[in-house]
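Counting from 1, the numbers follow the sequence of the chain as shown. Both backbone and side-chain heavy atoms feed into the values below; hydrogens, waters and symmetry mates do not.
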Amino acid sequence: MPNKTFFPFVVIIALLIVDSFLINELTLEQADKKFPAFCAKNFAGEILTEKIFMGKVTVLCIWDTKNNQCADLLKKLAALAVPSNVQIIGLVGDKNFADAEKIAIKNSPSIPQILANDDFLPILSKIRAVPTTILIDEGGNLIGQPVTGAEIKFIQLEISHALEKNSPRSQALRKIHAALFR
């Protein structure tokens, strides 16, 4: 019969191995989730960079002029009440900037728009349909799950999850978890 202290020892070793594997996975995953650096213009010709995301959680709606759902989502996003630490920005995913400006002015004049260029290819190449909404944290990292379509309830849910992850309670729980398992 095995020693009674042997089993807990094996469990602890197994947990440490799994924990170190998860740490490596998270580190690799986080490196892939950084929003790419960019230098682009808005409709007024002003230059914007990825620094526009710093300091706030950003709801980035990637849209184009060919899909009627995009205009509908822009209208819903413009009417959405968000906390002061959240901003909503549009990213025009096609080159029809004249029509895009008309759509944006009509449906969401309060939402700043970025005109996509080749700097956005790492993100745009992963988008399967428009509109797609992604969240970016205060440090420029992609967070949460992308929402495809004009699904405002899912977007609100993702915003709630993102804000909850940054709440004092969640930060305290992460510190406790880190102290226990590292």
Participant: Going by the side chain to side chain contact (heavy atoms under 4.5 Å, CB included) test, name the single residue among Thr133, Thr148, Ile127 that passes it with Ile62.
Facilitator: Ile127
Participant: Any side-chain heavy atom of Asp99 within less than 4.5 Å of one from Asp94?
Facilitator: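 Side-chain contact under 4.5 Å: no.
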Participant: Below 6.0 angstrom between ring centroids: does that apply to Phe97 and Phe43?
Facilitator: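 For Phe97 and Phe43, the ring centres are not under 6.0 Å apart.
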Participant: If the test is side chain to side chain contact (heavy atoms under 4.5 Å, CB included), which one of Ile89, Thr132, Leu135 qualifies with Leu60?
Facilitator: Ile89
Participant: How about Lys41 and Glu46: do any of their side-chain heavy atoms sit closer than 4.5 Å?
Facilitator: no
Participant: Between Glu50 (side chain only) and Phe38 (backbone N and O only), is there a donor and an acceptor less than 3.5 Å apart?
Facilitator: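 Pair found, side chain donor or acceptor close to backbone of Phe38.
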Participant: Check the pair Phe35, Phe53 against ring-ring contact (aromatic ring centres under 6.0 Å, His included), reporting the backbone distance first and the verdict last.
Facilitator: CA-CA 9 Å; Phe35 197 88; Phe53 303 139; 4.9 Å; yes
Participant: Over all heavy atoms of both residues, which pair between Pro122 and Asp118 is shortest? Give the atoms and the distance, please.
Facilitator: CD-O, 4.4 Å
Participant: Identify the two heavy atoms, one from Leu73 and one from Gly149, that lie closest to each other, and give their separation to 0.1 Å.
Facilitator: CD2-O, 3.8 Å
Participant: Okay, side chain of Glu138, backbone of Lys56: is any donor-acceptor separation there less than 3.5 Å?
Facilitator: no
Participant: Just so I know, are the side chains of Leu74 and Cys61 near enough to count as touching, which here means a heavy-atom distance under 4.5 Å?
Facilitator: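 The answer is yes; the side chains approach within 4.5 Å.
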Participant: Please indicate whether Lys76 has more than 12 foreign heavy atoms, meaning atoms of other residues, nucleotides or ligands, lying under 6.0 Å from its NZ.
Facilitator: yes
Participant: Within a strict 4.5 Å, meaning less than it, do heavy atoms of the Asn67 and Asp64 side chains meet?
Facilitator: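 Contact flag for Asn67/Asp64 side chains = yes.
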Participant: For the pair Asn117 (side chain) and Cys39 (backbone), establish whether a donor and an acceptor sit closer than 3.5 Å, ignoring hydrogens and angles.
Facilitator: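 Present.
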Participant: Can you tell me how far OG1 of Thr65 sits from NZ of Lys95, rounded to the nearest 0.5 angstrom?
Facilitator: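 Atom-to-atom, Lys95:NZ and Thr65:OG1 are 12.0 Å apart.
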Participant: Please report the interatomic distance CD1(Ile155) to CD1(Ile134), rounded to the nearest 0.5 Å.
Facilitator: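 Interatomic distance, Ile155 CD1 to Ile134 CD1, rounded to 0.5 Å: 11.5 Å.
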Participant: To the nearest 0.5 Å, what is the distance between CD1 on Ile159 and CG on Leu80?
Facilitator: 5.5 Å
Participant: Assess the residue pair Leu163 and Asn85 against the criterion (side-chain contact (heavy atoms from CB on, under 4.5 Å)); give the C-alpha distance rounded to whole Å, side-chain angles, the decisive distance to 0.1 Å, and a yes or no.
Facilitator: CA-CA 9 Å; Leu163 295 177; Asn85 62 334; 3.6 Å; yes
Participant: Tell me, do Val86 and Thr58 make a side-chain contact under 4.5 Å, heavy atoms counted?
Facilitator: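 No, their side chains stay 4.5 Å or more apart.
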Participant: Does Phe120 belong to the same Ile/Leu/Val/Met/Phe/Trp/Tyr cluster as Ile52, with side-chain heavy atoms less than 4.5 Å apart forming each link?
Facilitator: yes
Participant: Would you give the length of the straight line joining atom CG of Asn96 to atom NZ of Lys66, rounded to the nearest 0.5 angstrom?
Facilitator: 7.0 Å
Participant: Side chains of Leu142 and Lys34, heavy atoms from C-beta outward: is any pair under 4.5 Å?
Facilitator: no
Participant: Answer whether the closest heavy-atom distance between the side chains of Ile143 and Ile136 falls below 4.5 Å.
Facilitator: no
Participant: Scan the side chains in residues 106-116 for donor-acceptor partners under 3.5 Å anywhere in the protein, sequence neighbours excluded, and list what turns up.
Facilitator:
unit_1 : atom_1 : unit_2 : atom_2 : d
Asn107 : ND2    : Ile103 : O      : 3.0
Ser108 : OG     : Ala104 : O      : 3.4
Gln113 : OE1    : Trp63  : NE1    : 2.8
Gln113 : NE2    : Ile111 : O      : 3.4

Participant: Would you mind telling me which of Ile88, Leu77, Val59 makes a side chain to side chain contact (heavy atoms under 4.5 Å, CB included) with Val82?
Facilitator: Ile88
